[in-house]
Novice: 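The structure's right below; bear with me while I get my questions together.
Every chain is numbered from 1 and lettered A, B, ... according to where its sequence line falls, protein lines coming before strand lines. Computed over heavy atoms, backbone and side chain alike; hydrogens, waters and symmetry mates excluded.
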There are 2 protein chains.
Amino acid sequence: MLDKTDRKLLCMLQEDCTKSLQVLAEAVNLTSTPCWKRLRRLEDEGYIRGRVALLDNQKLGLGLTVFVLIKTQQHSAAWYQTFVQLTAHIPEVLAFYRLAGEYDYLMQVEVADMNSYNSFYKQLVKGVPGLLDVTSTFAMAKIKYTTALPVPE
Amino acid sequence: MLDKTDRKLLCMLQEDCTKSLQVLAEAVNLTSTPCWKRLRRLEDEGYIRGRVALLDNQKLGLGLTVFVLIKTQQHSAAWYQTFVQLTAHIPEVLAFYRLAGEYDYLMQVEVADMNSYNSFYKQLVKGVPGLLDVTSTFAMAKIKYTTALPVPE
DNA sequence: AGTGAAAGAATCACTTA
DNA sequence: TAAGTGATTCTTTCACT
């Protein structure tokens with residue numbers, strides 16, 4: 001279980017994981033060793049999945065975010081396998097969820113422009129048979145995007 | 001502009017930013033100093049937005065991902081301000097996009113369970129007047145979720 | 001782009017409450 | 001069981017080549 005100190009550490013690290021042990025330790029009124037032991041425990045127990053660098057979409061020339069809503073009639077395990085194989089490994093697909101509701105799947109796709117999206121789209125509908133409805137919804141503005149989860153009390 | 005070495009460094013760091021300079025440098029056939037200078041440049045020029053720890057939803061008791069599709073008739077700047085103020089600062093809202101198409105906004109919300117989502121939902125529809133259609137779509141499975149952007153050639 | 005030195009941070013064995 | 005000290009080792013950073 002997590003105490004208040006653990007939660008504070010997790011919050012700080014999901015904002016910025018370059019903070020040094022010293023800084024983290026001071027913030028929770030510890031010295032570096034007990035703080036380090038906590039971090040290691042949080043990592044070992046799986047609270048921390050990893051530490052990553054976040055890159056800038058625009059700088060990389062990725063100007064277009066598309067949300068793809070998909071309906072299908074195929075519900076066999078084999079079809080699902082193929083679908084996931086063909087799509088989840090495409091680097092432009094950042095997120096991919098199976099949904100409950102009107103649509104069966106939601107995909108977040110990051111591409112350079114409409115041209116690139118067109119290529120992706122063709123690849124998708126050609127590669128995966130049995131897609132009933134593929135609705136592409138384009139993002140006009142990114143109001144918020146964070147990787148920081150709400151850390152409960 | 002980015003050369004092949006820069007791109008490789010960016011790719012490695014968006015997988016795991018705890019890699020030491022030595023490891024990174026070896027991977028791109030450099031010694032640590034020139035490698036470090038590149039990283040600093042990539043950071044200064046804004047290619048790297050930050051380095052963060054990724055936490056585990058389940059471990060934090062966040063078992064429910066909801067995508068909220070919103071239609072509105074309000075399009076004034078003032079209304080938009082209020083809407084964004086009231087929603088973007090809610091920690092359960094991880095992502096929030098303005099869309100082109102049938103729906104006006106898409107929100108990704110991470111909560112513990114249906115109960116918590118109910119609270120969030122009530123807070124949303126009470127706090128923000130003029131929401132025409134708020135469709136909550138629940139994720140059944142997370143097939144893919146990555147923060148790693150495709151790094152172009 | 002590289003060398004080598006200096007500064008800084010993480011890690012650990014051991015001690016204390 | 002949790003925190004602290006101090007030594008060791010590993011990393012980052014920088015002046016200089």
Side-chain angles (χ1 to χ4, degrees), chain A residues 1-61 146-153, chain B residues 1-62 112 146-153:
Chain A
M1 261 298 89
L2 299 177
D3 66 11
K4 205 175 171 182
T5 301
D6 292 331
R7 291 198 300 270
K8 180 136 191 210
L9 290 173
L10 290 175
C11 283
M12 292 178 80
L13 287 176
Q14 46 172 12
E15 294 301 328
D16 177 6
C17 71
T18 65
K19 291 187 178 90
S20 74
L21 260 182
Q22 294 245 329
V23 170
L24 294 168
E26 268 175 43
V28 295
N29 295 310
L30 286 174
T31 50
S32 50
T33 300
C35 183
W36 177 77
K37 282 177 187 161
R38 273 170 191 266
L39 294 181
R40 170 180 268 244
R41 208 199 73 228
L42 291 168
E43 203 131 11
D44 288 348
E45 290 180 356
Y47 288 95
I48 298 172
R49 277 175 38 218
R51 294 151 197 257
V52 300
L54 301 177
L55 307 187
D56 187 279
N57 296 51
Q58 300 302 324
K59 276 285 182 179
L60 293 177
T146 181
T147 53
L149 297 175
V151 177
E153 295 302 291
Chain B
M1 261 297 91
L2 299 178
D3 66 12
K4 204 175 173 182
T5 300
D6 292 330
R7 292 197 300 270
K8 181 139 191 205
L9 289 173
L10 290 175
C11 282
M12 291 179 80
L13 287 176
Q14 46 172 11
E15 295 300 328
D16 176 6
C17 71
T18 65
K19 291 187 177 92
S20 75
L21 262 180
Q22 293 244 330
V23 170
L24 294 167
E26 267 175 43
V28 296
N29 295 311
L30 285 175
T31 51
S32 49
T33 299
C35 183
W36 176 78
K37 283 176 186 161
R38 273 170 191 266
L39 294 180
R40 167 180 269 245
R41 208 199 72 230
L42 292 168
E43 202 130 12
D44 289 348
E45 290 180 356
Y47 288 95
I48 298 173
R49 277 175 38 219
R51 292 152 197 257
V52 300
L54 301 177
L55 307 187
D56 187 280
N57 295 52
Q58 300 302 324
K59 276 284 182 181
L60 293 176
L62 299 167
T146 181
T147 54
L149 298 175
V151 178
E153 296 303 292

Novice: Can you give the first and last nucleotides of DNA chain C, 5' to 3', that have an atom under 4.0 Å from a heavy atom of chain B?
Specialist: C/dA1 to C/dG4
Novice: Does B/Lys8, at its NZ atom, have more than 12 non-hydrogen atoms belonging to other residues, nucleotides or ligands within less than 6.0 Å?
Specialist: no
Novice: Who pairs with B/Asn29 by side chain to side chain contact (heavy atoms under 4.5 Å, CB included), at least two apart in sequence or on another chain?
Specialist: none
Novice: Nearest 0.5 Å, what's the CG-CE distance between A/Leu9 and A/Met12?
Specialist: 7.5 Å
Novice: Could you check whether any side-chain N or O of B/Gln14 sits under 3.5 Å from a backbone N or O of A/Val52, counting only pairs where one atom can act as donor and the other as acceptor?
Specialist: no
Novice: Between C1' on D/dT11 and CZ on B/Arg51, what's the gap in Å once rounded to a whole number?
Specialist: 13 Å
Novice: So do B/Leu149 and B/Leu10 actually touch side chain to side chain, heavy atoms under 4.5 Å?
Specialist: no
Novice: At a heavy-atom distance below 4.0 Å, what parts of residues 9-26 of chain B sit against DNA chain D?
Specialist: B/Ser20, B/Leu21
Novice: Using a 3.5 Å limit on both distances, find every run of at least three consecutive Watson-Crick or G-U pairs that involves DNA chain D.
Specialist: C:1-5 with D:13-17, C:7-17 with D:1-11
Novice: Which residues pass the side-chain hydrogen bond (donor to acceptor under 3.5 Å, both in side chains) test with A/Arg51, sequence neighbours left out?
Specialist: A/Glu43
Novice: Using the side-chain contact (heavy atoms from CB on, under 4.5 Å) definition, which of the options B/Val151, B/Val28, B/Leu42 pairs with B/Arg7?
Specialist: B/Val151
Novice: Hey, is the main chain of B/Glu45 close enough, under 3.5 Å, to the side chain of A/Lys59 for a donor-acceptor pair?
Specialist: yes
Novice: Can you find a heavy atom in the side chain of B/Leu21 that is under 4.5 Å from one in the side chain of B/Trp36?
Specialist: yes
Novice: Between residues 33-40 of chain B and DNA chain C, which residues have a heavy-atom gap below 4.0 Å?
Specialist: B/Thr33, B/Pro34, B/Lys37, B/Arg38
Novice: Going from OG1 on A/Thr147 to CG on B/Leu55, what distance comes out if it is rounded to the nearest 0.5 angstrom?
Specialist: 8.5 Å
Novice: For the CD atom on A/Gln22, are there more than 12 heavy atoms of other groups (residues, nucleotides or ligands in this structure) within a distance under 6.0 Å?
Specialist: no
Novice: Find out whether B/Asp56 and B/Leu62 are in side-chain contact, i.e. whether some heavy atom of one side chain is under 4.5 Å from a heavy atom of the other.
Specialist: no
